[in-house]
Amino acid sequence: MPINSKNFKAAVILLAAAMAVSPQASAANNVISSSGKTAPAANASLNWNVKLGNGVTASLEQADVWNQDSGNVAVFTLRYRNGGKSPARLVTYFPKAVLPGGDVKAANPITKDLAKKKVEPGQSLSVTYYVKTEQASISGMKLVMDVWNPKVKGYLERVGSYRIPATYSAAVASGAARKLSLGGTPVTVKAESLEVIKYDGKVYAKVGMSLTNHGSRVWTDNALNPYLATGSGSAFQLQREAGTEGVPVQPKERKKVYYITEIPSYLKTTDLRFLWTETDDTLKLDLPVASFKLPKAITPQWDVPEGEAKALTISGQPVRASVRQALLRVSGDQAIWNIEVAFKNNGKKSVTIPAYDYAIKASEGSLYPYEAEDRGALTIKLSPGEERAITLDMALPAQLDQERLRLRMIAPSGEYGTIGKSADQESGSPVAPTEMAHINLPLAYFSIPYQTERRSSIGVEYPPQSPQGFAYTLESIQRLPWQDTDLVVAKLRLRNPHETNSILLPELTAEVIADEKVLLSAPEVIAEEQGSRIAPGAATEVYVMAKIPYTNDIQTLRFRLSTQQDSAKSPFLTWTASGHAQSVERLEQGKPYSIKTAGKRSELQERRTIIYEGTDSDIIYSEFTLASSEQRRIQAPLMKGYFQGTSGQIYEAETVQPETPLQPGAKQLVTFWARVPKGAGNDLQLALGTAMTGNKLAESGTEATGIMSVKKLTLNPIRPATSRSLTQLDWYPYNISVTKLAGSLQEGSPTISLNLTFDVKRTDSITAADAGHKLILTIKDSLGQTQERVLTPGTDIQVPGTRTVSLELTDEQYKRLRGGWLSLTLSDEFQNERIIMGSQTVNLTFYPNSVPDSEW
């Protein structure tokens, strides 16, 4: 059939005009696609099904309106179903909205649905449209549908219309759940609770929503904007209690998520709704996604009596919080509190306890906030069923009534954005966006039980702190350099005071606090007999080690030992002592360093200390022999050390130590070295100790976290003399000699041949690790030219053993020589610095060319 050119041209113009009103952009994230099981609602429901022709129908799934800074925007979702035999092109359908004043506005797809072009036979497809309107409610709006038909006047045929009932509300009824498709993930959502909280002269609304993830990947609501909406159209942006990132909901998991906002004191708390919107960045519009009617508001209870716990929900998991114990000591006009707050995870998933804000409230009405030195220490992760505690140290005026204090716990502050839009309470007109303030609300006021904390002096034995506890003596406190920090090491003697009963020494953990406020990092407890029973009257040693910045001065130290019992943290021993460290014991010259730990007993003896002199700095290098005193083969204790100058300078020493086990009486070579300023190596001391890691002596191949049993040794560095020959050179643990040396030159040849026979012997039966030494052969010829060769053990020379090394030196100038000499030097190179061990000169044997017979 011939195409009518006028009709075809009109159709093209009309289609172009229809497509021009549809913006082109990327998709938005979340829209409602289907409804799940809901409770019966009093509001009218949507009921519009329209036939579009050729077996295609459209039904209205949802509709809502949301006010913007520039007005209101209505959205509605149509589901197209194709029961025909050919694809249905959406460009031929034209949904529109008729506003109450009679204005007709074309409905355009939101950005995410622009890519939806057609519906295949037997398929269905949902498309969400938006219309800008002055109307603040969707009720009473009329929707119409036109389809392209070139046989009718104007080419558009009206196939259906629908007026949204005046009693319709998009909100899900209170107590009902709705299954939504959010970001492609099916999620069932239900409004669980509404709390109205009056605190600090303000009123807050806290909304609890239940979220169940039916998808196969983790989902969070961080792409949605939560609001609290009133029946009159006012709205308040909600803050996520979990922070801007929201709470992740795992596949098949159900979680309760909380939102909070400040509301006016006069706001009626009935007929409130929870609403999600999403931002269409291309359209620069906030589009409503889903809303839920909230249940009746309740008032929370905060007071927690002594010995009881506060029930919390964190990341959807039930958690109980309690004040387990509190210790009090008086220092001058201050009462120093140490309060232990315990959290137990009663849920089925791991949970992270946030860094809550704490304060003590006195009966006199004053409030004393807890100021954490490190807020990260307040955040703890709990596995299901696990219980852990944090410790708060606070100083209060001593004149307060210490027996009537309460500990206030407040939800932590979060970083929130700005309120997108709220509405004036009376007029409902939009107001300018405002900065959203942090909302901090109490979770509990705990009554505080307490006992007086003990004080300790060095060398004094104190009675047990519990009926089944140990008598204890603080024997020493040392402060030792460690990398870029200092170690505080306390030595404690525990004695079983009972006459007949043994006592179990449990596995212990420690907390160390300096000057009532600084929590020392990386605390460790080293106790040989942890997990063993101590016999009546017997004693055992316990070391407590922790780290502190080396620049910090310490006046007082408080140690708190705890043990785990049935996944609960329980106090074991607490004491306070002076922070002034004792001096490190000095070893007499030539006296060995003894290690007395059972299974590691051994002695470390200095062999020699030498200095490698460099241009801008020197290397101090100390060799020790470590001999086992055990009756069985052992893994030798890992040693650590540092060099200390007369003015207090600390140079951390690198340790070179073999990893192979030691037989009884066997020895190994242990080396300590450090690069120091020029000339500084002459007046250094070496502090030695056993390395620790994981609350025990460190093993070979593990990274040391500390050092203990430190003693100092005065060094006497030597500079090895240079031998005038290449025999009996000390390259410990080897002795090197060049037993044969010959050099030759053929007349007219550019090459000098050099042969050296090396004889290498072990000077001692000792195990040594490769410290990185290099044996350097330097060759200087009679022309003043110098060449170097690195002699690799096991390749160029045999260790131990005898091997001949053949070298060739090539230079065009050698053709003119009829003799000469070579000066040979052997050097020990370490970290690019050298010590010359010996040198020797060899004369070259000259071989002239033979004279031909014809010249006679």
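Numbers here are sequence positions counted from 1.
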_Test log, rule side-chain contact (heavy atoms from CB on, under 4.5 Å), inputs N82 and Q123_ = CA-CA 6 Å; N82 187 357; Q123 302 294 319; 5.7 Å; no
*asked:* Could you go through T277 and L224, starting from their C-alpha distance and side-chain angles, then the distance that decides it, and tell me whether this counts as side-chain contact (heavy atoms from CB on, under 4.5 Å)?
replied: CA-CA 6 Å; T277 70; L224 300 172; over 6 Å; no
*Going through the distances and angles, do I260 and L238 end up as a side-chain contact (heavy atoms from CB on, under 4.5 Å)?*
CA-CA 5 Å; I260 193 168; L238 291 159; 5.6 Å; no
*So F236 and T230, side-chain contact (heavy atoms from CB on, under 4.5 Å) or not? Walk me through it.*
CA-CA 9 Å; F236 306 88; T230 68; 4.3 Å; yes
_Run the side-chain hydrogen bond (donor to acceptor under 3.5 Å, both in side chains) test on S350 and N345 for me, step by step, so that the C-alpha distance in whole Å, both residues' side-chain angles and the decisive distance to 0.1 Å come before the verdict._
CA-CA 8 Å; S350 295; N345 180 6; 5.7 Å; no
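Within a 6.0 Å sphere centred on NZ of K153, heavy atoms belonging to other residues, nucleotides or ligands number 12 at most. For CD of E371, the number of neighbouring non-hydrogen atoms (other residues, nucleotides, ligands) closer than 6.0 Å is 12 at most. Other residues, nucleotides and ligands place no more than 12 heavy atoms under 6.0 Å from the NZ atom of K118.
Between the side chain of E253 and the backbone N or O of Q250, at least one donor-acceptor pair lies under 3.5 Å. R163 contributes a side-chain N or O that, together with a main-chain N or O of G140, makes up a donor-acceptor pair within less than 3.5 Å. Under a 3.5 Å cut-off, the side chain of S139 and the backbone N or O of Y168 do form a donor-acceptor pair. Side chain of N213 to backbone of V249: a donor-acceptor contact under 3.5 angstrom is found. Remark: side-chain polar atoms of T313 are not paired, donor with acceptor, to backbone N or O of Q317 under 3.5 angstrom. In this structure, N149 contributes its side chain and L156 its backbone to no donor-acceptor pair below 3.5 Å. Distance alone, capped at 3.5 Å, is enough to place a donor-acceptor pair between the R375 side chain and the A355 backbone. A donor-acceptor pair under 3.5 Å is formed between the side chain of K105 and the backbone N or O of K132. Remark: side-chain polar atoms of T261 are paired, donor with acceptor, to backbone N or O of Q237 under 3.5 angstrom. Between the W219 side chain and the L182 main chain, a donor and an acceptor come within less than 3.5 Å of each other.
R79 and S126 are linked by a side-chain donor-acceptor pair at a separation below 3.5 angstrom, with hydrogens and angles left out of the test. The closest side-chain donor-acceptor pair between R81 and S59 falls under 3.5 angstrom. Side chain to side chain, N72 and T133 fail the donor-acceptor criterion of an N or O pair below 3.5 Å. Between the side chains of N54 and S86, not a single donor N or O lies within less than 3.5 Å of an accepting N or O. Inspection of the T77 and T128 side chains reveals an N or O donor paired with an N or O acceptor under 3.5 Å. No side-chain donor from either of T57 and N49 sits under 3.5 Å from a side-chain acceptor of the other.
Ring centers of Y227 and W276: at least 6.0 Å apart, outside the cut-off. You'll find the ring centres of F94 and W148 outside the 6.0 Å limit.
Y199 approaches P442 most closely through the heavy-atom pair CE1-CG, 3.3 Å. For the residue pair P121 and G84, the shortest heavy atom distance occurs at CB-O, 3.4 Å. Here the closest non-hydrogen pair linking P288 and V75 is CG-CG2, 3.5 Å. The minimum heavy-atom distance between M145 and P95, with the atom names listed, is SD-N, 3.7 Å. The minimum heavy-atom distance linking I110 with L283 is given by the pair CA-CD1, 4.2 Å.
By the 4.5 Å heavy-atom criterion applied to side chains, M209 and V189 are counted as neighbours. Residues L312 and K310 are in side-chain contact: their nearest non-hydrogen atoms beyond the backbone lie under 4.5 Å apart.
In this structure, E192 pairs ionically with R254, as a charged nitrogen and a carboxylate oxygen lie closer than 4.0 Å. Salt-bridge formation is not detected for the pair K96/D103: no Lys NZ or Arg NE/NH1/NH2 atom is positioned less than 4.0 Å from an Asp or Glu carboxylate oxygen. The pair D303-R406 counts as a salt bridge, with a side-chain nitrogen and a carboxylate oxygen less than 4.0 angstrom apart.
The side-chain tip of R240 does not point at the ring of Y259 from less than 6.0 angstrom away and within 45° of straight on. With Y258 as the aromatic partner, K206 meets the cation-pi criteria of under 6.0 angstrom to the ring centre and within 45 degrees of the ring axis.
Partner of V247 under the side-chain contact (heavy atoms from CB on, under 4.5 Å) criterion, out of V257, N222, L211: V257 alone.
Note: Y358 and Y370 have perpendicular aromatic rings, judged against thresholds of 30 and 60 degrees for the angle between ring planes. The aromatic rings of Y80 and Y93 sit parallel to each other, their planes meeting at less than 30°, with 60° as the upper class boundary.
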